[in-house]
Amino acid sequence: MGIKILSHAKINLTLEILYRRSDSFHQLETVMQELKLADTLYLEEVPGGKIALTCDHPLVPADGSNLACRAAACFQSRYAPGKGVKIFLKKKIPVAAGLGGGSSNAAAVLKGLQILWDIPLKEEALEEMAAHLGSDVSFFLYGGTALATGRGELVRPLPPFPSVKVLLVSPANLMLSTARVYGAHVPDKLSKERTKEFVRILENEKEVNLLQLLDLLTNDLEKAAFSLEKDIFLLKKQLQSYGFTVLLSGSGPTVFALSPEEERLERACKELSGRGYNAILTETKGGQKKDLFS
Ligand code: ATP
């Protein structure tokens, strides 16, 4: 018996770095948003406790370092000794792009193995494994719109951000390591209140106004990413010149453009693809804990 699971991408609508902690992680406040853009994972049970993976993307490791394999190994060692799985990973989410692909794959495997191996787990057990596997994995257990704090592993689901098209763009063949971007980040003393205000609006206002939320988008890692790769800065300016709200996602290099005007986003997507950029038009996705297959 095998199962097929979708594993969605994310963007960060806000990302504020509060301070650097004594364990060298950064203390964050970030509103994360799940997207419809998704990888597909096929899981098939195999005998003998073996965990194997094949992937159609040449830059994704197909050994035990792959986050999907690490998630399966973590589940197996804690709750399923002797169980084995063969994973086929079909990538659509750009790799090392700030879109959370690897973390999303890990969360999808944790959720999927409960079904494949018929071992339903409590929420806390899934959350413990997710936090162990990486800072962004916990968000993908929930999806939708959520506030993530701590190093990103403490997740509070939020009422949904208004449904909107999202244009993702990055300069072709540019990958940026998360560690490099955090390393280039220079802390500032600006007040970190945008995420709080964003959350306040989503949680308290009866009718959420998209433009009001777009005014609050922020990412403290932008300066660092721009200083490392000027092309990302130029790309942001280019997209802003079309009249869109534009922000770096996570540690980049992807920038995303949001606009209520779908046709203009579609036109920009075509034009930028034609000029050699990686451009993908997708949209926001509402979340649901058990929502594995949509
Ligand atoms: P992060 O910000 O969490 O580092 P990202 O979203 O920018 O991640 P990913 O697509 O997750 O980027 O890839 C980060 C690195 O992780 C890649 O260089 C890749 O080699 C490695 N990796 C391990 N497992 C996976 C996976 N299942 N999918 C994609 N990349 C993976």
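Indexing begins at 1, ligand by ligand and atom by atom, following the structure's order.
Looking at P61, S7, A97, S135 and measuring to atom 21 (C) of ligand 1, the nearest heavy atom belongs to P61. Closest heavy-atom approach to atom 1 (P) of ligand 1 within the set V181, T178, L99: this belongs to T178.
No donor-acceptor distance shorter than 3.5 angstrom exists from the side chain of T149 to the backbone of E29, with no hydrogens or angles considered. Without hydrogens or angle criteria, H57 side chain to L59 main chain gives a donor-acceptor distance under 3.5 Å. A side-chain donor-acceptor contact under 3.5 Å links S104 to the backbone of H8.
By the 3.5 Å distance cut-off applied to N or O atoms, G98 is counted among the residues near ligand 1. Polar contact with ligand 1: absent for V60 (N/O pair, distance under 3.5 Å). Not one N or O of V95 is nearer than 3.5 Å to an N or O of ligand 1, by distance alone.
Among all protein heavy atoms, the one lying closest to atom 3 (O) of ligand 1 is S103 OG, 4.0 Å. Nearest protein neighbour of atom 11 (O) of ligand 1, counting heavy atoms only, is G102 N, 2.8 Å. Closest protein heavy atom to atom 23 (C) of ligand 1: L67 N, 3.7 Å. For atom 6 (O) of ligand 1, the nearest protein heavy atom (residue, atom name, distance) is G100 N, 2.6 Å. The nearest protein atom to atom 9 (P) of ligand 1, hydrogens excluded, is given as A96 N, 3.5 Å; this is a heavy-atom distance.
Applying the 4.0 Å criterion to heavy atoms of L59 picks out, from ligand 1, the atoms 20 (O). For ligand 1, the atoms sitting less than 4.0 Å from at least one non-hydrogen atom of L89 are 27 (N), numbered in the order shown with element in parentheses. Using a 4.0 Å cut-off to heavy atoms of N105, the atoms of ligand 1 that qualify are 26 (C), 27 (N), 28 (N).
In plain terms, the two heavy atoms of I232 and V255 that are nearest each other are CG2-CG1, 3.8 Å. G250 and L15 get closest at one heavy-atom pair: CA-CD1, 3.9 Å. Taking every heavy atom of both residues into account, T178 and S251 meet most closely at OG1-OG, 3.3 Å.
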Legend entry - Residue pair R156, E203: steps toward the salt bridge (Lys or Arg N to Asp or Glu O under 4.0 Å) verdict: CA-CA 11 Å; R156 182 168 108 213; E203 288 190 324; 2.9 Å; yes

Inset, instruction - Please test H26 against Y19 for ring pair (Phe, Tyr, Trp, His ring centres under 6.0 Å), starting from the C-alpha separation and ending with a verdict. - result: CA-CA 6 Å; H26 292 82; Y19 54 88; 9.5 Å; no

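Exactly one of E266, E263, E261, E283 qualifies for a salt bridge (charged side-chain N to carboxylate O under 4.0 Å, His left out) with K165. That residue is E283.
The shell of residues lying under 4.0 angstrom from ligand 1, judged by heavy atoms, excludes D39. The closest approach between a heavy atom of K91 and any atom of ligand 1 is below 4.0 Å. Contact between L176 and ligand 1 is absent, with no heavy atom of the residue lying under 4.0 Å from the ligand.
Note that atom 26 (C) of ligand 1 has protein non-hydrogen atoms nearby, at separations under 4.0 angstrom.
Here M175 has no heavy atoms under 4.0 Å from ligand 1, in either its backbone or its side chain.
Ring geometry for F75 versus Y79: interplanar angle over 60°, hence perpendicular rather than tilted (30 to 60°).
With respect to the salt-bridge test (charged N to carboxylate O, under 4.0 angstrom), the residues D39 and K92 do not qualify.
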